[in-house]
Number of protein chains: 2
Amino acid sequence: MKKKRITIKDIANVLSISPAAVSKALNDDSRISAKTKEAVKRVAKELNYQPNHLASALRRGKSNLVGVIVPKTNSNFFSSVIENIEAVLNKAGYNIIITQSNESFEKECKNIDTLLYTQVDGIIASMANETVDLSFYEKIKSKGIPLILFDRGENDLNVDYIGINDYESSHMIVNHLVERGCKRIAHIGGFKRTRIFNNRIKGYVDALKKHNLPLDNELLLESSLTTEDGRNKMLELLALENRPDAVYIAGDYASLGALQVLNEKKIKIPEDIALVGFGNEPFTAMVTPTITSVKQHSEEIGKLAAKSFLDHVEKTTVTQNLNKIILDAALIIRDSSKK
Amino acid sequence: MKKKRITIKDIANVLSISPAAVSKALNDDSRISAKTKEAVKRVAKELNYQPNHLASALRRGKSNLVGVIVPKTNSNFFSSVIENIEAVLNKAGYNIIITQSNESFEKECKNIDTLLYTQVDGIIASMANETVDLSFYEKIKSKGIPLILFDRGENDLNVDYIGINDYESSHMIVNHLVERGCKRIAHIGGFKRTRIFNNRIKGYVDALKKHNLPLDNELLLESSLTTEDGRNKMLELLALENRPDAVYIAGDYASLGALQVLNEKKIKIPEDIALVGFGNEPFTAMVTPTITSVKQHSEEIGKLAAKSFLDHVEKTTVTQNLNKIILDAALIIRDSSKK
DNA sequence: TATTTTTGCTTAATCGTTTAAACAAATATA
DNA sequence: TATATTTGTTTAAACGATTAAGCAAAAATA
């Protein structure tokens with residue numbers, strides 16, 4: 001019942017030549033005559049031959065597969081990054097394997113093992129929120145497999161990184177809010193231990209200082225940045241005796257939660273409290289009022305991450321200098337913070 | 001500079017036994033002594049041995065990889081289906097490779113080729129809108145590789161299918177709108193050639209008949225169901241002399257476009273025109289007003305698709321009866337159509 | 001004690017490709 | 001014409017695992 005696989009041997013038999021010649025013909029080896037090549041390709045098509053990737057990858061020691069690890073595909077940012085990684089790598093003859101960590105350290109470790117086991121030629125990853133222990137990433141490095149991080153990265157791991165300038169983005173946001181006339185600007189930040197969120201916090205603190213605004217610790221909250229936690233942290237801020245007049249939230253999903261709370265309590269946005277999110281998820285332009293947010297250039301990040309990988313595999317030289325690319329983000333001003 | 005790979009041969013050398021014994025020990029073969037197994041596993045750990053998937057897959061003729069093809073990972077429905085497929089398959093020792101067709105027939109064909117080339121053990125797919133030519137799917141079948149379709153499937157391809165009852169869903173929606181008092185119900189449907197959208201249209205037409213409502217052809221439009229096209233089709237409906245008092249749209253993204261148009265024109269939802277979408281994307285609960293939509297049980301669909309694949313590989317019998325599973329969808333009533 | 005069965009391993013072939021090395025025939029060079 | 005080079009192919013050994021078959025030694029059975 002099972003269909004017999006067509007192999008190069010079958011093609012060789014038809015043409016009465018050796019399998020080696022067939023292999024070389026299919027790979028356009030210069031030492032094979034044009035006539036033979038043509039014949040081989042014709043017969044290959046006739047027999048509906050499909051090369052066996054496992055065999056060639058095993059022999060070549062190269063799978064032409066690249067693993068991608070993201071916290072969730074279900075966000076515009078990550079899905080767009082993936083799309084662009086894929087576009088660049090496909091052109092170079094690579095295919096990608098996408099895995100999700102669901103923000104779980106354990107799942108992320110499993111994913112790494114799976115990818116290594118599948119013999120990927122490289123890994124492009126954005127780390128889960130939970131991840132503190134870097135030993136699994138060290139494992140990738142120790143195998144000599146190119147590792148490229150984007151968005152969620154770690155300085156300690158001395159690897160290529162593509163991301164945006166989080167520190168500077170916070171400055172942009174605070175500048176914008178100050179210009180609007182806001183004086184008590186709160187910040188619902190992500191986990192401090194995650195580098196990008198820590199940088200956003202630092203940027204926020206320094207920007208306040210720059211504008212001679214006092215830093216009020218009750219206005220600086222740490223959050224998991226889910227919609228649910230956005231709601232909770234917003235409620236905390238509203239419970240304060242001295243409410244903020246603007247809230248900068250380090251993630252769009254959390255900013256959505258905050259927006260819902262403000263709408264429910266009939267607090268006017270941006271008149272009473274202005275709102276700024278982060279990530280420029282499509283829904284920020286869909287909700288009422290639309291939410292000001294920061295665009296992270298997902299297309300660019302995806303392309304650069306892929307190119308960074310290609311640099312590694314194509315460069316045979318030992319002069320492997322690290323690619324650390326920091327892009328400038330763009331503030332997309334919408335109704336939630338308009339003048 | 002490159003790290004030498006550790007193979008079973010290295011382990012064998014350390015223990016002065018044969019590579020075959022090592023392989024069997026690692027696979028818990030009953031003919032290997034407990035002592036040897038223990039020693040092998042200890043040394044494997046010490047040397048940080050990672051099995052070479054390519055080699056074992058080649059030899060076994062089984063890659064333990066399952067390919068997944070979806071139009072876009074960037075929708076809650078598909079990302080949730082994928083998550084659940086993965087959960088079930090991981091438990092059974094399989095890993096998945098996710099690919100996106102971006103609703104393009106050409107890309108979908110490429111994805112199929114990639115997956116076949118990677119020697120996946122099975123393919124779970126949801127077809128692109130564009131896809132009419134089924135020859136690439138026939139190719140999968142002709143190779144004897146299990147193929148399971150979900151959501152977007154085709155009856156002609158005689159394969160397993162998991163989806164919801166689209167025809168019945170339309171009835172549910174029309175019933176709900178009629179109950180609300182609506183008399184002129186419009187339908188912005190997907191492409192007729194896509195089976196699921198065609199079923200929704202049929203359900204709409206029959207439900208109108210059931211309620212003795214006239215079928216007005218200017219109220220039945222065909223759409224690509226993007227946000228942009230949702231806007232355009234809504235504008236078409238508003239241009240009618242005799243406007244509808246309810247619009248049932250076969251996709252949430254298009255319903256969002258329609259909602260934007262109605263909001264811009266200050267047409268009251270649901271008082272002037274009620275709105276119902278399809279898919280229960282999270283944003284339907286985020287926008288103002290929230291949009292009534294149909295929940296497709298993505299978790300269930302994902303799990304069932306994975307189980308269906310496992311059925312195929314585990315069943316060695318020839319009695320392979322087809323799994324055609326049709327789930328009942330659930331109508332989630334929100335502000336856009338509340339009484 | 002002699003014979004059979006079980007246990008625990010080894011040998012060698014195999015999966016489908018690639019590729020270094022060998023080699024004959026054709027062509028170029030001296 | 002003799003020698004060197006190029007061309008087009010074959011042979012055979014990999015890649016790293018699995019596995020059928022074989023074979024001693026140990027244990028069980030008669």
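A, B, ... follow the sequence lines: proteins, then strands. Residue 1 opens every chain.
Across the protein-nucleic acid pair, B:Leu15 atom CG and C:dG8 atom C1' stand 15 Å apart, rounded to whole Å. If you measure from atom CG of A:Asn13 to atom P of C:dT17, you get 13 Å, rounded to the nearest angstrom. Rounded to whole Å, the distance from CD1 on B:Ile17 to P on C:dG8 is 13 Å. Put simply, CD on B:Gln119 is 9 Å from C1' on C:dG16, counting in whole angstrom units. One atom, OH of B:Tyr117, and another, P of C:dG16, lie 15 Å apart when rounded to the nearest Å. Distance, B:Ile11 CD1 to D:dG16 P: 13 Å, rounded to whole Å.
Checking D:dG16, D:dT11, C:dT10 against every side-chain atom of A:Ser18, the shortest atom distance belongs to D:dT11.
Applying the ring-ring contact (aromatic ring centres under 6.0 Å, His included) rule to B:Tyr94 yields the partners B:Phe309; only residues at least two apart in sequence or on another chain are considered. In this view, A:Arg42 and A:Glu46 satisfy the salt bridge (Lys or Arg N to Asp or Glu O under 4.0 Å) rule, not counting sequence neighbours. Every residue two or more places apart in sequence or in another chain that forms a side-chain contact (heavy atoms from CB on, under 4.5 Å) with B:Ile112 is listed here: B:Ile69, B:Leu116, B:Phe136, B:Tyr137, B:Ile140. When the side-chain contact (heavy atoms from CB on, under 4.5 Å) test is applied to B:Arg31, the partners found at least two apart in sequence or on another chain are B:Asp29. With sequence neighbours excluded, the residues that form a side-chain contact (heavy atoms from CB on, under 4.5 Å) with B:Thr7 are B:Lys9, B:Asp10. A search for ring-ring contact (aromatic ring centres under 6.0 Å, His included) contacts involving A:His53 returns B:Tyr117, not counting sequence neighbours. In this view, A:Asn102 satisfies the side chain to side chain donor-acceptor pair (under 3.5 Å) rule with no residue, not counting sequence neighbours. Under the rule for a side-chain contact (heavy atoms from CB on, under 4.5 Å), the partners of B:Ala44 that lie at least two apart in sequence or sit in another chain are B:Ile11, B:Leu26, B:Tyr49.
Pairs of residues two or more places apart, or lying in two chains, that qualify as salt bridge (charged side-chain N to carboxylate O under 4.0 Å, His left out) and include a residue from residues 149-159 of chain B are B:Glu103-B:Arg152.
Scanning residues 32-47 of chain B for heavy-atom distances under 4.0 Å to DNA chain D yields an empty list.
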Exercise for the section: Determine, for nucleotides 17-24 of chain D in 5'-to-3' order, which nucleotides have protein heavy atoms under 4.0 Å from the base (write B), from only the sugar-phosphate (write S), or from neither (write -). Expected result: BBBBB---
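B:Leu54 comes within 4.0 angstrom of no nucleic acid atom, judged by non-hydrogen atoms across all strands.
Side-chain contact annotation: A:Ser33 with A:Thr36, donor-acceptor N/O pair under 3.5 Å present.
An end-to-end axis angle of 40° holds for the helix from C:dT1-D:dA30 to C:dA30-D:dT1, taken from five base pairs per end and rounded to 10°.
With A:Ser126 contributing its side chain and A:Val70 its backbone, the two residues share no donor-acceptor pair below 3.5 Å.
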